[in-house]
Amino acid sequence: MTTTAPRHLWMHFTRHSAYDETDVPVIVRGEGPYIWDSRGKRYLDGLAGLFAVQVGHGREELAEAAARQTKQLAYFPLWGHAHPTAIELASRLAAAAPGDLDRVFFTVSGGESVETAWKLAKQYFKLVGKPGKHKVISRALAYHGTSQGALSITGIPGAKADFEPLVPSTLRVPNTNFYRAPVHASDYEAYGRWAADQIEQAIEFEGADTVAAVFLEPVQNTGGCFVPPPGYFARVREICDRHDVLLVSDEVICAFGRLGYDFAAKRYGYQPDIITTAKGLTSGYAPLGAVLASERLMEPFKHGATTFMHGSTYGGHPVSCAVALANLDLMAREDLYGHVLARETAFRSTLDRLLDLPIVGDVRGAGFFYGIELVKDKATKETFTAEESERVLRGFLSDALFEAGLYCRADDRAEPVVQLSPPLVCDQAQFDEMEGILRDTLTQAWKLL
């Protein structure tokens with residue numbers, strides 16, 4: 001099917017030259033964990049759209065919730081006013097959040113949530129008499145968004161180069177990729193302590209009176225699902241408390257069931273000062289994000305003329321909030337969090353079968369969120385050259401997996417990885433389908449190295 005997409009549509013993160021001689025894939029329908037293109041071909045959605053479609057595609061009750069709200073109140077901003085769906089959703093999120101994260105600021109996207117959290121941290125410290133605290137620490141390769149502030153926090157050099165100079169005052173520390181640990185390579189817990197201690201070293205090097213926040217994903221996405229070693233977040237919490245630095249849990253991907261919990265901080269047993277969310281909050285059926293903040297961060301804004309001079313036209317949109325409420329109801333009714341926890345071992349075991357392939361170096365992740373790192377040599381962990389990544393990963397693997405019926409991500413922003421983040425409704429049949437397609441396609445890719 002030929003479309004006008006190459007002529008008029010400017011797609012996101014896309015090499016448009018790839019469509020000089022071929023059609024743009026057009027996805028027209030979804031049902032459960034599957035999507036269909038304009039040719040009628042079915043694909044397993046192994047990425048839940050973009051880590052978002054928790055409840056699967058085609059859930060009519062979410063469409064009906066949007067339609068009801070549109071008929072009643074299609075739009076009104078939260079600028080000095082409120083509307084019922086925002087009030088109800090804020091109360092529901094606050095009740096579910098860990099600790100005293102009782103304040104909910106609605107956004108439109110995950111990147112906007114990150115942007116909001118940084119601005120909040122800066123103004124909070126000004127209001128409490130510590131105006132020098134404005135710097136942010138994040139981890140190498142971590143993705144936190146594309147707006148100027150969120151991109152500055154992002155730790156992927158290639159994603160930033162074309163837009164520099166960016167916002168100053170951001171610092172990078174090591175991530176928790178134990179597969180490529182530079183120290184303590186045989187002691188997972190010791191490696192976690194070392195990685196956490198790099199945060200304290202960065203704070204002390206910069207001066208604690210200049211550092212406002214640490215932004216961390218519970219499981220880091222870019223690089224292929226880096227999980228936190230035992231004790232890592234407990235140690236980070238101690239460090240942040242000691243230096244009066246806010247701990248921001250960036251759960252844009254990890255919240256709302258991806259790791260089997262409503263909030264991933266609960267899974268790993270730590271208390272953030274702020275949680276940033278989006279994606280799974282509505283299962284992608286409508287754009288919505290949220291920032292959950294500790295009540296103490298709200299305290300200085302409750303007096304006199306003090307105002308958080310930040311917001312957006314569509315943050316907390318009535319229709320999006322209605323969809324989010326229906327989405328949370330659906331996940332609770334079908335116990336999708338429990339479904340993930342009950343099946344994550346089976347999912348991991350199914351993917352672990354791929355370790356018998358010479359191209360598969362590591363399988364890592366948690367819940368329904370896994371990365372498969374590809375290598376040239378399993379014994380030495382030798383990775384692809386730039387030419388091999390171009391030829392094998394982008395030139396073959398991405399298209400081959402899709403043509404074989406699996407929508408997922410083949411990525412080399414760090415080491416070459418295949419990432420899987422399927423809808424939470426998936427079961428063993430889908431796990432086996434993913435493994436079968438990956439096995440065949442990765443076997444072909446190995447022959448090209």
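Index from 1, following the sequence.
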Decide whether [X] and [Y] meet the rule of one side-chain donor and one side-chain acceptor closer than 3.5 Å.
{"X": "H144", "Y": "T154", "result": "no"}
{"X": "S421", "Y": "R258", "result": "yes"}
{"X": "Q220", "Y": "N177", "result": "no"}
{"X": "E433", "Y": "Y34", "result": "yes"}
{"X": "H83", "Y": "T85", "result": "yes"}
{"X": "E415", "Y": "T383", "result": "yes"}
{"X": "D432", "Y": "Q428", "result": "yes"}
{"X": "Y43", "Y": "D37", "result": "yes"}

Do you know the tightest heavy-atom contact between [X] and [Y]?
{"X": "T107", "Y": "A290", "result": "OG1-N, 3.7 Å"}
{"X": "A159", "Y": "L151", "result": "O-CD1, 3.7 Å"}
{"X": "P300", "Y": "T306", "result": "O-CG2, 3.5 Å"}
{"X": "L246", "Y": "R296", "result": "CD2-NH2, 3.4 Å"}

What about [X] and [Y], are their ring centers closer than 6.0 Å?
{"X": "F347", "Y": "F368", "value": "yes"}
{"X": "F301", "Y": "F308", "value": "yes"}
{"X": "F125", "Y": "H134", "value": "no"}
{"X": "Y232", "Y": "F226", "value": "no"}
{"X": "H310", "Y": "F105", "value": "yes"}

[X] (side chain) donor-acceptor with [Y] (main chain) under 3.5 angstrom:
{"X": "T282", "Y": "P287", "answer": "no"}
{"X": "S249", "Y": "I275", "answer": "no"}
{"X": "E251", "Y": "A265", "answer": "yes"}
{"X": "K133", "Y": "V245", "answer": "no"}
{"X": "Y370", "Y": "C225", "answer": "no"}
{"X": "H339", "Y": "C426", "answer": "yes"}

message: Run the salt bridge (Lys or Arg N to Asp or Glu O under 4.0 Å) test against D100 and tell me which residues pass, sequence neighbours left out.
response: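 Here no residue qualifies.
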query: What distance separates S294 OG from Q271 CD, expressed to the nearest 0.5 Å?
result: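 So the gap between those two atoms works out to 7.5 Å.
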field: CA sep, side-chain torsions, deciding dist, call: V136, W118, side chain to side chain contact (heavy atoms under 4.5 Å, CB included)
entry: CA-CA 8 Å; V136 164; W118 191 8; 3.1 Å; yes
task: Evaluate the side chain to side chain contact (heavy atoms under 4.5 Å, CB included) criterion for residues E200 and R242: first the C-alpha distance (whole Å), next the side-chain angles of each, then the deciding distance (0.1 Å), finally the verdict.
output: CA-CA 9 Å; E200 183 158 46; R242 181 157 51 249; 2.9 Å; yes
message: Can you tell me if H81 has over 12 outside heavy atoms packed within less than 6.0 Å of its NE2?
response: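 At most 12 heavy atoms, drawn from other residues, nucleotides or ligands, come within 6.0 Å of this atom.
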task: Output every pair passing salt bridge (charged side-chain N to carboxylate O under 4.0 Å, His left out) with a member in residues 103-112, not counting sequence neighbours, ordered by first then second residue.
output: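 Sorted pair list: R103-E295.
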Summary of salt bridge (charged side-chain N to carboxylate O under 4.0 Å, His left out) pairs that have at least one residue in residues 79-89, sequence neighbours excluded: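 Residue pairs passing salt bridge (charged side-chain N to carboxylate O under 4.0 Å, His left out), neighbours aside: none found.
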